[in-house]
Protein chains: 2
Amino acid sequence: MGRKRFGDINCGVGQALEAVGDWWSLMIVRDAVFGIRRFSDFAQSLGVAKNILTTRLDHLVAHGIFEKVDVGSMGTRFEYQLTDKGEALLPVLIALREWSDEWVFGRGHEPIIIRDQHTGRRVPKMRVLASDGRPLSPRDLRVVPGPGASEDTIQRLRKNS
Amino acid sequence: MGRKRFGDINCGVGQALEAVGDWWSLMIVRDAVFGIRRFSDFAQSLGVAKNILTTRLDHLVAHGIFEKVDVGSMGTRFEYQLTDKGEALLPVLIALREWSDEWVFGRGHEPIIIRDQHTGRRVPKMRVLASDGRPLSPRDLRVVPGPGASEDTIQRLRKNS
DNA sequence: GAAATCTAGTTGCGTAACGCAACCGGATTT
DNA sequence: AAATCCGGTTGCGTTACGCAACTAGATTTC
C-alpha cells in the first residue's frame, strides 16, 4: 500500500506535505530556488536516480509548484521553472535552514549564509511574531477552527483545549 | 537500499529533513505542538500504525527533538515531550500551514486559525524580510559560503553565481 | 478478587516505493 | 560521420511501509 497519504487530512501541515510530495521534492525546490532549472542539473546536484527525479518532477508539476517549459526547438529540451506557488515555499526552506543552523550545525558552523542582494546584509532570522512584535512559542498560541474546518478538526480542537 | 539519507549533505535543508526523519515525524511534531504527549494519543490522532510510530518516536528522541519521560510508577507510562530543539521547529510548521492556507485551501477556507493567546489577535503571516523590513523573494537573495561550508558547497555556489 | 481494559509496544507478512544500472532515441556538437 | 548530450524509460533487487494479530504488565471495573 505504500506510504500513507495525507491528502484527505483536514490539516494545513499535512496538505502541504502532500503537495510537496516527499523529502526529495523539497530538496528539488531548494535547488530551484538557488537557480537550477534543468533535469540533468537536478540529477547531478542531488545525486538522485533519474527515474525518481522523473516521478518527483511530475508530481511537482501536477501540483502547480513547477511549470515544465519547452526551451528547445522540438520538445527535447526543457526547463522546470518554479511557479509563484513554488516560490511561496521559500519561508519553509528558510525556516528549515535556520533551524539546522542553530540546532544541528551550531552557530559559527553554517554551511551557507544568505544575504540581501541589495544591501549585502544578512537576512534576519524568521520568527513567529505576534501582531505587536513579541516572539511567540507554542504555549502562546491558541488554535481555533477556521471557516474550512471539518467536523473532525472541530472535535479535535475542542478536546484539546 | 531504502531511502537515500541526507545526513552527509552539507546543506541546512537536508540536515533538517534528516533529523526530522520523514513525513510522519513532522506530523508527530505538529501534534506535539498542539499538546499531545502520549503514545496512544499520537497513534489515534494520526491514524498511524504503532510499529511506524515506535520507530519515528525513537528517531525523534535520538535526535533530541523529543524527550521520553517516565510518568508512571514502574516504567509503563510515558510522555514524549518536545525539547527546546523540537519547539524550535514551530516556524517550519507555521510556514507550511500558511503556505497551504494560501495555495491549497485558499483564503476563507482555512481549517484552523492560530491566535495569540494573550491578545486574541491572529498571528501575522511569517515572511522572509530584509533587515529594513522589505519582503524578499528568491531573486533578492545572494547565497554565499558560511564558516562551515564544505569544498562541495563552495564549488556549487561559485558555479551558480 | 477475577475479569476486562488500557498502555505501549513487538512480530509476521504482503505490497509499494526506492536505488542502481543499463538502455534508448532524437538533437547537438566535434 | 561519430561522439556526446539531454531527458528520460525499463528491469530488477532491496528496503521500508501498512495492517493486523499478539503480548505483558498495570489499572480499572464488576
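Every chain is numbered from 1 and lettered A, B, ... according to where its sequence line falls, protein lines coming before strand lines.
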Regarding the side chain of A/Lys50, the nearest nucleotide among D/dT9, D/dT27, C/dT11 is D/dT9
Of the candidates D/dG7, C/dC18, C/dG9, the side chain of B/Tyr80 sits closest to C/dG9
### Query
So do B/Ile28 and B/Phe66 actually touch side chain to side chain, heavy atoms under 4.5 Å?
yes
Rounded to whole Å, CZ of A/Phe39 lies from C1' of C/dA27 at a distance of 17 Å
Separation of D/dG8 atom C1' from A/Leu57 atom CG, nearest Å, is 11 Å
In whole angstroms, the gap separating C1' of C/dC24 from CG of A/Asn51 amounts to 15 Å
Taken to the nearest whole Å, CD/A/Gln44 to P/D/dG8 is 17 Å
Salt bridge (Lys or Arg N to Asp or Glu O under 4.0 Å) pairs touching residues 95-104 of chain A, sequence neighbours excluded, are A/Arg97-A/Asp101, A/Glu102-A/Arg107, A/Glu102-A/Lys125
A/Phe78 CZ to C/dT28 P, in whole Å, measures 12 Å
Taken to the nearest whole Å, CZ/B/Phe42 to P/C/dT7 is 14 Å
Original post:
Is the shortest side-chain N/O distance from B/Arg77 to OP1 or OP2 of C/dC6 below 4.0 Å?
Top reply: no
Whole-Å distance, B/Asp41 CG to C/dT7 P, equals 8 Å
Without hydrogens or angle criteria, can the side chains of B/Asp58 and B/Thr55 be said to hold a donor-acceptor pair below 3.5 Å? no
Assign each of A/Ser40 and B/Ile52 the nucleotide of DNA chain D bearing its closest heavy atom; nearer the 5' end lies the nucleotide of A/Ser40
To the nearest angstrom, the CG-P distance between A/Leu53 and C/dC20 comes to 13 Å
Check: In terms of hydrophobic clustering (I, L, V, M, F, W, Y; side-chain heavy atoms under 4.5 Å; direct or indirect links), are B/Leu89 and A/Leu141 co-clustered?
Finding: yes
Out of C/dT11, D/dC6, D/dC17, minimum distance to the side chain of A/Arg38 belongs to D/dC6
Checking C/dA8, C/dT28, C/dG9 against the side chain of B/Thr54 (C-beta onward), the nearest is C/dG9
Closest of D/dC6, D/dT9, D/dG18 to the B/Trp24 side chain is D/dG18
> Is B/Leu93 linked to B/Phe105 within one hydrophobic cluster, defined over Ile, Leu, Val, Met, Phe, Trp and Tyr using a side-chain heavy-atom separation of less than 4.5 Å?
Replying inline: no
By side chain to side chain donor-acceptor pair (under 3.5 Å), A/Thr119 pairs with (sequence neighbours left out) A/Asp116
Contact check, residues 58-69 of chain B vs DNA chain C, heavy-atom distance under 4.0 Å, returns B/Lys68
Any side-chain donor near an acceptor of the partner, A/Thr54 and A/Asn51, under 3.5 Å: no
